[in-house]
Amino acid sequence: MKRIIAPKGTKDIFPPEIAKWHYLEEKLRDYFPRFMYKEIRTPIFEHIELFQRGIGTETEVVQKEMYTFKDKANRDLTLRPENTASVVRAAIENDLFNRVYPLRFFYIGPMFRYDKPQKGRFRQFHQFGVEVFGDESAQVDAEVIYSSYDFLKEINVRDIQLHLNSVGCENCRPNFLKHLRTESEKRMKELCVDCQKKIYTNPLRIFDCKNLKCIEISNDFPKIIDYLCKECGTHFEEVKEALSIFKIKFNLNPRLVRGLDYYTKTAFEITSSQLGAQDALLGGGRYNNLIKELGGADISGMGFAAGIERIILQLDDVKHKKDKMIFIAYQSLPLMNKAIQLAKSLWDKGYCVYVDYNLKNLKKQLKKANKIGIDYTFIIGEDEIVNESISIKSMKNYEQITIKQEELDKWLINNI
Ligand SMILES: [Zn+2]
Ligand SMILES: [Zn+2]
């Protein structure tokens with residue numbers, strides 16, 4: 001029979017990699033609530049209109065990458081390609097803007113994009129992120145940036161760089177776009193076919209092009225920070241000042257743009273030099289017009305989204321206490337119940353313990369312990385019962401010691 005394999009661009013996650021996922025999930029559930037974020041979970045599919053309006057019909061994501069399908073009642077539904085639009089939708093629909101304070105949410109979960117699969121990039125991929133609503137201060141921008149940067153450091157992602165830019169607002173961006181269009185028209189013939197189209201649909205997106213020639217040409221194009229209005233200019237200065245209070249360094253990156261009208265002011269990205277020319281580990285910014293755009297009140301937004309697969313690639317192997325495995329072996333069948341008692345007391349204390357109820361022979365049990373990759377085997381034999389002791393065999397170097405039962409807790413703390 002033909003084997004069934006997982007769809008292209010998806011992957012199974014299992015040991016030992018799953019330990020890194022647990023580690024990241026535990027850390028982020030511990031870390032972000034410090035900043036008053038509360039977790040929100042939204043559905044994996046939504047009406048297609050949410051993303052058309054929330055991301056924009058002109059974007060690559062909406063035009064080419066969405067998983068959209070009709071359900072049995074002929075509705076157009078889409079597997080979420082990102083989570084911000086859904087969080088905003090949920091907040092509007094459930095009236096959270098009037099009920100939950102402060103308006104801060106974090107999320108984690110799978111997203112879906114029909115993209116070309118490559119290293120660290122999947123069609124079902126996972127993101128975590130935060131959203132802050134109703135706070136227009138430059139300082140909150142800096143706080144969001146700081147928390148994302150500091151979190152990556154806390155989980156030991158090395159060699160990270162922060163890139164910062166401002167994308168202006170509806171008052172100053174049109175003037176910039178006019179100049180950008182004029183300049184890009186002048187060099188139109190040198191740009192790739194895609195970028196030629198972007199000149200008329202969304203010239204900001206030219207900065208996203210990965211084509212080396214396009215990058216070289218667009219480096220000469222006008223920079224948005226030279227066109228900021230007074231309000232956006234002041235905001236940007238204040239963000240930079242607040243970042244210096246948080247003591248994090250940044251690179252000003254004029255290519256960092258968000259090609260959508262509701263993105264405003266601060267934009268940032270964090271990259272890792274270990275990923276090479278790969279995409280960012282996370283990116284975010286301010287979106288003061290999205291909530292209004294989706295039918296909500298005129299409330300500002302600020303947040304980021306992080307790619308979990310890419311971060312996982314950067315993580316060292318995770319070891320924590322539960323990863324050390326104990327095998328309890330018994331010398332003869334009558335001692336199996338003693339082994340169960342000992343196992344129970346260890347499970348109660350939270351240790352990771354395995355007893356084999358089928359192999360009655362001690363040698364076979366030890367062989368099995370080896371096969372599973374056990375760290376320590378506790379052996380219960382006649383002598384141990386008489387002496388109220390436990391023999392402990394390290395399965396790494398096969399050294400064996402015997403300790404008194406009352407010394408076991410101490411031994412566990414020192415060795416597990
Ligand atoms: Zn402005
Ligand atoms: Zn191009």
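All values below come from the heavy atoms of this structure, side chains included, with hydrogens, waters and symmetry mates left out. In each ligand, atom 1 is the first atom listed, and ligand 1 is the first ligand listed.
- Relative orientation of the Tyr114 and Tyr67 rings is perpendicular, given thresholds of 30° and 60° on the angle between their planes.
- Residues Glu65 and Arg123 are not paired through a salt bridge, judged by the lack of any N-O separation under 4.0 Å between the basic side chain and the carboxylate.
- Taking all atoms of both residues into account, the shortest heavy-atom contact from Pro81 to Ile55 is CG-CD1, 3.7 Å.
- Residues Asp375 and Lys324 are not paired through a salt bridge, judged by the lack of any N-O separation under 4.0 Å between the basic side chain and the carboxylate.
- Salt-bridge formation is not detected for the pair Asp141/Lys265: no Lys NZ or Arg NE/NH1/NH2 atom is positioned less than 4.0 Å from an Asp or Glu carboxylate oxygen.
- With respect to the salt-bridge test (charged N to carboxylate O, under 4.0 angstrom), the residues Arg53 and Glu49 do not qualify.
- The only option from Asp159, Val157, Ile160 that meets the side chain to side chain contact (heavy atoms under 4.5 Å, CB included) definition with Gln314 turns out to be Val157.
- At a threshold of 4.0 Å, the pair Asp71-Arg75 counts as salt-bridged, since one of the basic side-chain nitrogens sits closer than that to a carboxylate oxygen.
- Legend: protein N/O/S atoms lying under 2.8 Å from the Zn ion (ligand 1), waters omitted, number 4.
- Taking the charged nitrogens against the carboxylate oxygens, Arg104 and Glu143 do have a contact shorter than 4.0 Å, which makes a salt bridge.
- Around the Zn ion (ligand 2), the protein N, O or S atoms closer than 2.8 Å are Cys192 SG, Cys195 SG, Cys209 SG, Cys214 SG, listed by chain and residue number.
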